[in-house]
Trainee: 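The structure under discussion is supplied below as structure tokens; questions concerning it will follow.
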Protein chains: 2
Amino acid sequence: MTPTPPQTSGQQDVDTRERLLASGAELFAEKGFNGCGLAEVLRHAGVPKGSFYHWFGSKEEFGIALIERSRDEYMDLVRPVLSDRKTGPIQRLRKAFELGREHADSEASTDVCLVTRLALETGNLSQSVLAAVKCVHQQWNALIAQILREAQASGEIGPGEDPDRLAGVLLMLWEGATIRMQIERDARALDDFLDLVFDRLLGRN
Amino acid sequence: MTPTPPQTSGQQDVDTRERLLASGAELFAEKGFNGCGLAEVLRHAGVPKGSFYHWFGSKEEFGIALIERSRDEYMDLVRPVLSDRKTGPIQRLRKAFELGREHADSEASTDVCLVTRLALETGNLSQSVLAAVKCVHQQWNALIAQILREAQASGEIGPGEDPDRLAGVLLMLWEGATIRMQIERDARALDDFLDLVFDRLLGRN
DNA sequence: TCATGGGAGTAGACCGGTCGGTCTACACGA
DNA sequence: TCGTGTAGACCGACCGGTCTACTCCCATGA
């Protein structure tokens, strides 16, 4: 279905696909899915249109690949932190979000998590892209809920909390902070998020 | 500069402008500023292109008019609640947000606050539209901060809080909840927001 | 009283540019 | 020679915006 990565022919071809994805991630995060035409992605990547449609069936399919890539990248970044058994669950969670903050700080200030960026475009996103966004959200939600359950088991948070619901709230706060950052062009919103969640909401540690 | 409202000639002309604004508010809230072409707005309003450019200088100018209209509508809705001196500040604030929740509930679930909707489009919004969004945010922020100061004066919240910063956090949470609602097509996210903010964050009342 | 001129507003054909997507031609290694 | 991938001209649809033609109302003045 999707072209398989080449085995013998060197890396020029992989390069093309990878260049497209990198350009797409950058430009879509900055301008949104509908706000950026293929021509611009192509120009930025230095790839002709024919090559694009060799690797991807449509702009939509390209978008979904980008969403999944974005999730995988973030997961890779965060996994070692989350699975570090030397620190408590809440502290691990905090570190994971701090990684996200640092990421936002290091990029151009307009650059924001692609998944969040696409989330508010849902109204004019196609059904399949929307589904991909939703799916990643659920995965993140489950991941956070898992950590919260650990925290509950170790007594770091009260047994009365619903981990799934609390995870949803955390994710939702993070998204709000991301919009705020986007408007104000200032990562301070993410600091406010960290303060709020870890000092006041899950506090006393 | 802008065409003055007609004084003597009845209301057909005002009607045209109003119909355009109503259609624009509905369609832009659903599809975003860039996700919806003028032709669609025109068709929905039953107004020819010539009339549109009679009333508005450009799509951009139209967008700014919509943002300001959205703000005014919400302000009118919320003002009586916020200025009701019979209830405490925090309770008034809660009521105002609950009004927002009810509004979201009554509309089609895709329909969301226009200002929030445009906020994440900042990347591909023109400078002037972005400025309008930012301006409305600051006005809301100031409004909330004012209420919080009252709450501080009456001892409902601690004197250590920074009202402006806290107002920013509240607004940011609200936006996160709005995105969440958009993705899940479910207003439960707004309930979570209300619980979090008023039962836990500003709690004990 | 009524002809008339002009501004307000309606109506939609039309413009160049850009959109996502298709198509053919070609380079190159196995 | 055939499959893989590059290259870009080209397509119809649609974008925001312009332009001309037209209707209608009413202010003016003899």
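Chain identifiers are assigned alphabetically (A, B, ...) following the order of the sequence lines, protein sequences preceding nucleic acid strands; residue numbering begins at 1 within each chain. The figures that follow rest on heavy atoms only: side chains count, while hydrogens, waters and symmetry mates do not.
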Trainee: Could you tell me how far apart A:F52 (CZ) and C:dC19 (P) are, to the nearest whole angstrom?
Mentor: 13 Å

Trainee: Check the phosphate of D:dT4 against A:W55, side-chain N and O only, distance under 4.0 Å to OP1 or OP2. Yes or no?
Mentor: no

Trainee: Would you mind reading off the distance between A:R17 atom CZ and D:dT4 atom P, rounded to a whole angstrom?
Mentor: 16 Å

Trainee: Write down the distance between CD (A:E60) and C1' (C:dC19), rounded to a whole number of angstrom.
Mentor: 15 Å

Trainee: If the threshold is 4.0 Å, N to carboxylate O, is there a salt bridge linking A:R94 and A:E156?
Mentor: no

Trainee: Which pair of heavy atoms, one from B:L99 and one from B:L77, lies closest together, and at what distance?
Mentor: CD1-O, 3.6 Å

Trainee: Base, sugar-phosphate, or nothing for B:G50, non-hydrogen atoms under 4.0 angstrom?
Mentor: base

Trainee: Return whichever of A:G57 or A:E40 has its heavy-atom-nearest nucleotide of DNA chain C closer to the 5' end.
Mentor: A:E40

Trainee: Just verifying a value: how many Å separate A:N141 CG and B:R180 CZ, rounded to the nearest 0.5 Å?
Mentor: 5.0 Å

Trainee: Would you tell me if any nitrogen or oxygen in the side chain of A:K49 comes within less than 4.0 Å of OP1 or OP2 on D:dG8?
Mentor: no

Trainee: Aromatic rings A:F193 and A:F198: how do their planes relate, parallel, tilted or perpendicular, breaks at 30° and 60°?
Mentor: perpendicular

Trainee: Over how many whole Å does the gap from A:L38 atom CG to C:dT22 atom C1' extend?
Mentor: 13 Å

Trainee: Over how many whole Å does the gap from B:Y53 atom OH to D:dG17 atom C1' extend?
Mentor: 4 Å

Trainee: Tell me: CG of B:L42 to P of C:dG9, nearest whole Å?
Mentor: 17 Å

Trainee: Of the listed nucleotides (C:dT10, D:dA7, D:dT18), which one gets closest to any side-chain atom of A:P48?
Mentor: D:dA7

Trainee: Is the distance from OP1 or OP2 of C:dG9 to the nearest side-chain N or O of B:T16 less than 4.0 Å?
Mentor: no

